[in-house]
Every structure is written in C-alpha cells, then in structure tokens.
Amino acid sequence: MKRILCVLIAVLCLCTCWAGNGKKPIVWEQPIAESNQLFYDPFQSQLNIYRVEFADDETRVFMHITFPPHYWIKFVKETYLLADGKKYLVKSCDGLKLDEEHYMPSSGKEDVVFHFAPLPKKTRKFDFLEGDGKKNFKIFGIESIDTRIKQLFSSLWRNDATGDWEIGFYEDFAIYDCRYWQYKQKNQKGDKYSFILTDGKSDLAVNIDKPQHGKRTMSINGKKAEYSLITTSTLPDYPQKDETTSLKDTHNKPDTAIVVGWLRNMPKEFWDRGQEYSVQYYDLFSTFKEVSNCSKLDSLGRFEIKVPLINSTEVFMDWKHTYINTVLEPGETYYLLYDFKSGHSIFMGKNCRLQNELLAHPIPMINADYAGKYENKVPAQEMMQILESRYKEAEGNLRKQIEKSASISKCYQEYAARYLLCSYASSILQGAYRVKDHIFPQEYVSQMEKIWKEIPQPYTQFRDYNMLTKDLIDQEARLKYSTPMGKTYGFLFTNYYPELLRKHKAQGDIAITDSEIATVEQWAKNLDSMTIKQYQTTDAKEQEKIENAFSNSVLAKRATAIIGREDIAKMLKDETPLIDVYYAQHIADSMGCSQQQKDVIITKAILQMLERLAMPLNSYGLDLVEHSISSEVLREKVLAEHRKYLSLQNRDITASIKTAPQDMSDGEKLLRHILEPYKGKLVLLDVWGTWCAPCKMALAHSKEEFERLAPYDVVYLYMANNSPEESWKNLIKLNNLVGDNIAHYNLPAAQQSAIENYLNIRSFPSYRLFDKEGNLVDVKVDARQLDNLEKIIKELNRY
C-alpha cells in the first residue's frame, strides 16, 4: 500500500511538472531586429523591443518607447506580427489604448506590452507591423539573440569587461579602433572564425570562438576577452560604475578632436538633405560665433572630420542627418555608427562613455514655452514660477533615469545636472525680455547670477553658457546703466561722462575741477530724468516743450560749456565708443568673475564694438586691451580685428562714392536725379545702415549676389541711413562693394529721410527695384532671397 501511494505521489508530481512546463512561456530577452524603420525624427523617436514571450494563449511583445515629451503616439488596431507569411493580430496593449492618441509623459519614455494572437513556439523570426500604412511603424527581422549570434556578418560586439563597443564585422570590412580594416585573410570552421585584418599600414589578427550562452570569446592581437552581441539601438549600460566626475580641461589650449563615422543605409530623403556631414558648436574663446566643420560623405555614407576645439565642447552633430547633441573632448578620436535600418546609434573610442550614455539617456529638456509669452502678457514672478516648475519636472525625470541605471557614470550625472541648471538659468533670462511691462527685478537677476557662478569650467561644455552670460550682462547693464524709454530702455552715454572725467583728471589728461565734474554729473542726471519724462508722453509738442526747458536751463548751459572744451570734447569723443565695454568690465568686476570669465566678457564686448563701428581701436581702446585682457589668445584675437580695420584705411573707394545736390529736399525729385545716370539699366536699391546687424550680414554675402546677377547688367545703388562716415566707408571696403556698376550715397539726414518716406521704407535693410526707365517696379524684392530676385530680374531684362 505504501509503495502504491509513493508511485501515485510521483505520478502526480510529474503531471504537475508537465502542466507547469506547458504554461511556462518561451522568452527572448533583448531580441535583435534586422530593421527598425521609424517615420519621425530619429533622434526623438525609438521603439525598442526588449522582451518577447511565447505563451500558449498569446504572444507578448514588451516595448520601450522614446518619443518627444507631451507629443502623442498612436498604434492602430490593425497592428500585427508577421511570421512565415501569416498575420497574428494584436488583441490589446498594456500602457496605451489602440487607435487612440497617447500623449507621452514629461520623461518622453513609456514601457508598454502588446498582446498578440499566439505565434508558433518554433518561430525563429517575425516582423512587427503597425498595419499596412506607408508611414506606420515597422520593425523587421526580430529574432532571438541565441539564433542571431551565429551570424557574424553584420554584427557589433562589446567587451563584457569594459562595456565598450570594440569591434564590428561587415561583409567587406571590419571596424576596430575607430578605423576601417579590410579582410586580408578570412577563414571559417563551423561557428569559428579567424581573420587577418589590415588598415593598409598594419595587420590585426582576430580569432573568434563559437557562441556559448549568447556570447563569444575573441582574441584581438593576442588579447583575449569575452564579447556580447549588441542588440539595442544604443550601447547598453556599462557594467561598472565610473567615478570620474569631470570632462577634460585643457585650460583653453587649442587642440583637435577627430570624428570618423558611417551613416549606414541612409534613405534617399536624407541624402537629398545634403551630402556633407557637419559638426557645429559655438566658439566661446576665439571667433565668438557658430563654427561648422564639414566633411564630404563617400558613396557609402562615411566621413572623417577634424574638429578644432579650445576645450571640451558641446556640439551638434549634423542637424540634417543625425540630430546628435553631445560633447567632444580635444585630443580624442571618436567613431560614430548611425544605421538608419537597424536603428543603431553608437560611439566607439577610448574615452566615449559619456557620449554613449548621452545617446542612451538623453538629458530631459526644459519646455520654455508657455501661454502669453510672445505677447508679453506674463509678469516676471509668474514666468519664474512656470519655468521653475518645468526645471523641477526635468530634474525629477533625470533623477529617475539615473536611479534606473545603477552603473551610470558620475561624469554623466554631474554633467546632466549642470546642463539642466545652465539651461534653466538661460531660459529664465531669455524670458526676461518677454515679461509683462518689461520689468524684471534685480532679485531675479541676482538668482540667475548665483547659478551662473556655479557653472564649472570648462565653460565650453555647455552651449547655453554663452547665451546665459550675454543675457546676464545685458540685464545687469539694464538695471545699472539704462534709462526707461516707454516700453523699452536705452543707454545714455552722458550718464558715464562723470566717470570718464574723474578718470582722465586723475591721469592728468584734462584740466577740470571737482566742482565742474559735479555740474556735469547733475546735468547728466537731469538729462536722464528729462528723457524719461519725454517717453512718458506721446504728445510731440509736450516732448519738445520738455526738451527746450531742459536745454535752456542754467545747469545745461554750464555743463555743455564744460564738456565742449577742446581737450574734454576730444577725450569724450574718443572714449564714448568704449562705454559699452566699460559697462561690461564693471559688471564683470561686480559679479566677482574669475579672470578667465572677465577675459571672455571684455573681449566679446570689444569685438562687438569693432563690428558695430567697423573702425580700428584708438589709443584708449588699445590701452584697454593691453591692461584688461590677460589671455594672449583673446588679446591677439582683438588685435587681429583691429589690424583688419586699420588696413582698410588706405584703400581708395572714391570712384564709387557719390553726392547729391544739397538744395534738393523733395524725396521723389532727389531720387529721380540720382537714378538719371543709369537709364537703360535695371537698378537695385539697397537701403541700409552701419548700425543694422541684418544689413551688415546681407552685405557680407554680396559677392554671391554680384556673381549671380552678373549676366543681367544690374546697377547696385546703396543708400546709408544715419551712418558715421568712417564706419560707412570701412564697411564698403570690408565687403568689397566697389565697381563701375556700384554707387554709394550717405546723404544728410533730411534728404535720406525724404527718400525713405517717398519709398515708404520702414525697416532695414530694404530693397527696391527700378526698371530701365527709372520707374519703381511694383514687386517685392530682397537681395537675401537670390533665387526669387534673379527670376524677377531675368524677366525684366527681356524687355
């Protein structure tokens, strides 16, 4: 009896075991896909299938979705799996409703589970298709890593010990050490391989054992290690935590980063966007402008770019093709694989951990837009509260990202946190220009100044640092030195006159008493108050009355007599162009800047002054450069710009400079007189000013304009608005705006205004086109839109 009972128990256990085995699903962890086609911007969108469960009653597909925060995503009810030519329809989805718009959370990440009709458990490969629409999501060739690992071509492998992507194998070449290697010898025995690779300079021996437990042991130049197949679109988290906390700091010594890459399987629509790859960044320590380094793509989509850097720098890696925002460190070589078919976006290199972590864990963005922003309806306090809550939301999402990735590097954590802080402060100060009533209090500026001081070196690692610094200086200058002018504010240089008078009295340059300086100081304060009063009324007669009362006061007459003295007048004339630089210098001192920060602030202010005035530095400017900028690199940058404008002085442009009769005041008659010599030719009028940044930007592209319109015998007529003569002539020389078909006018203000009123010119630059009879052509033209301009001129030239 006892024996029968034991047998029954054993049979029962066996049946239970069989029943359990029947219910236990087959699981594919981290399956790999042959093709992952997305029809959104690749840098914003990812669908990663990270687990598949084959159960008796259904097949479950676990997917990690990355999509722009607060944007919606939708999967249709016709979504299905395709295996061996048969469709298996979706039944439901945990995490979103089928056929409905699902709005992404602020993190931009969502994990969902699709439930499909059961696939056969013997399935080796299947496709995920969101219906049959042309622009629906499609993931092809999904298979278990255990079957995919047997296929060496094509495949990417990471070193299990370091976590780095070290080698990739393709039919025609391999990728290793950021280089392409050809197969000099290629041997295969079963699942084992042995290669001799060559890059044309040296050979590389590679031996690969058969796969075991989803891995392969490889020996590369005698160094044996265990490797895993990379199945995810970005590199998986590194196996060990890295306590390195900072990026390389070269202390602003120029060096070069090299970026080698391959845009694999690039669709035609991306080829059509351009056949160059670019790396762009803001040059904070040299040109103070956007810098773009480009390389031609070969027929396979490969490139190599040498990127000159001053220090570790945030860069945009080609906004037309790959949309990658990352950091490059000088002296490093990186290899980027960006595969449009498989979805891979991975860096190779000796020090590219941060770059891979930024791809795998993009820093959450702060949404800086809100209702009423662009209509200037939101008060400063409310704007601060909105952006603070957005910052905290992004900071919370970053914290969750870090908590989910136990091995994420200390460098990533600190970089991402400071990046968000810098972005937050920059968003606040950009928003300061849009607040209601244009009032942004000192206490808020001081809060942003405190954040600014926390930004660590190298400052180039955060692109927003440049804008943050500029806006901070502007806000401090507005609060300390500006005069309210209606809904805006301006700067009266006269407010700085007392400071200049004290400085030059101390130096012995001018003869002036303390009492006279006090008179000028009181006059400057009264002038400031008078200006505010003028802008508080819109009545022209009342404004004139206020100005006359001030000008006729005893104080004004005494002060103007003092500043009108020859030695003082000359000093003020020479010093006035530098006042904006002095503002920046004093603000930098008041904020307790480091010398490096001061160098950047002062250099940028001087360069902006040189660009605005288009004139070389005078003795005061040269003295300022010598004693206020400690960096040799930045000092030489300023002096190079000074020499550039100095060299223009001797160039003769008198042939292109024209004058008009001084006794003509009617705008129409004056313009007809100016156009008279050009009868029989088309005339393009460009009304511009030396003070106008868009005007000067347009002039800088004049060479292309002249070349494009050369076949049509066009006359170029330039008329300057309110432009100092020396700056006007220097800009003509700088942009080479001379020739038999070019004429320049810098008319007296009244004549220029008469012509502008006749032509209804209200913005700058403004363009007008005149036919061969001197008549105004009733068509809108713009020299900055050359295709359209050429089309119009070509048509007119036929008659």
Side-chain angles (χ1 to χ4, degrees), residues 20-40 44-83 86-133 136-148 214 231-234 236-237 342-343 360-362 397 400-401 403-405:
N21 284 340
K23 291 180 181 178
K24 188 175 182 181
I26 295 172
V27 177
W28 292 357
E29 291 285 4
Q30 295 297 341
I32 193 164
E34 179 185 327
S35 175
N36 195 335
Q37 294 186 14
L38 300 173
F39 293 95
Y40 297 85
Q44 291 186 322
S45 313
Q46 290 179 9
L47 304 181
N48 283 319
I49 295 174
Y50 63 90
R51 182 181 172 95
V52 179
E53 295 180 353
F54 297 86
D56 290 337
D57 57 339
E58 65 177 4
T59 295
R60 294 181 285 275
V61 175
F62 295 72
M63 182 181 288
H64 181 71
I65 301 172
T66 302
F67 211 70
H70 308 296
Y71 279 59
W72 62 263
I73 189 170
K74 182 167 73 173
F75 288 83
V76 298
K77 288 182 178 178
E78 292 76 26
T79 298
Y80 62 91
L81 303 180
L82 182 66
K86 185 177 177 181
K87 293 183 178 181
Y88 298 83
L89 283 171
V90 69
K91 298 190 294 185
S92 64
C93 181
D94 301 336
L96 57 80
K97 292 183 179 180
L98 299 169
D99 253 0
E100 290 188 13
E101 295 173 358
H102 176 81
Y103 284 85
M104 296 294 289
S106 60
S107 64
K109 296 181 178 181
E110 196 85 273
D111 287 324
V112 300
V113 183
F114 292 93
H115 300 264
F116 292 90
L119 285 161
K121 292 188 177 180
K122 63 180 181 181
T123 300
R124 293 290 174 263
K125 188 183 287 190
F126 67 88
D127 302 331
F128 177 101
L129 299 160
E130 193 227 342
D132 294 320
N136 291 359
F137 301 121
K138 298 176 177 66
I139 306 176
F140 297 107
I142 304 159
E143 61 181 322
S144 165
I145 190 172
D146 293 325
T147 56
R148 179 63 180 81
T231 63
T232 49
S233 57
T234 56
D237 285 346
S342 68
H361 308 287
N397 289 328
K400 290 174 186 175
Q401 280 185 192
E403 288 169 357
K404 284 183 179 179
S405 305

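These numbers were taken from a predicted model, which means no experiment stands behind them.
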When the ring centroid of [X] is compared with that of [Y], is the distance short of 6.0 Å?
X	Y	value
Phe128	Phe114	yes
Trp72	Phe67	no
Phe137	Phe75	yes

For [Y], does its backbone N or O pair with a side-chain atom of [X] as donor and acceptor, under 3.5 Å?
X	Y	result
Asn36	Leu47	yes
Glu78	Gly131	no
Thr59	Leu119	yes
Arg51	Ile49	no
Ser107	Lys109	yes
Gln46	Ser233	no
Asp94	Val112	no

**Study point:** Heavy-atom side-chain proximity of Phe140 to Ser342 below 4.5 angstrom
**Key:** no
Testing the basics here: between [X] and [Y], what is the closest heavy-atom pair and its distance to 0.1 Å?
X	Y	answer
Glu53	Val27	CG-CG2, 4.1 Å
Ser106	Asn397	OG-ND2, 2.9 Å
Ile145	Glu29	CG2-O, 4.2 Å
Gly141	Asp127	N-OD1, 2.8 Å

Review point. Is Lys91 salt-bridged to Glu58, cutoff N-O under 4.0 Å?
Key: yes
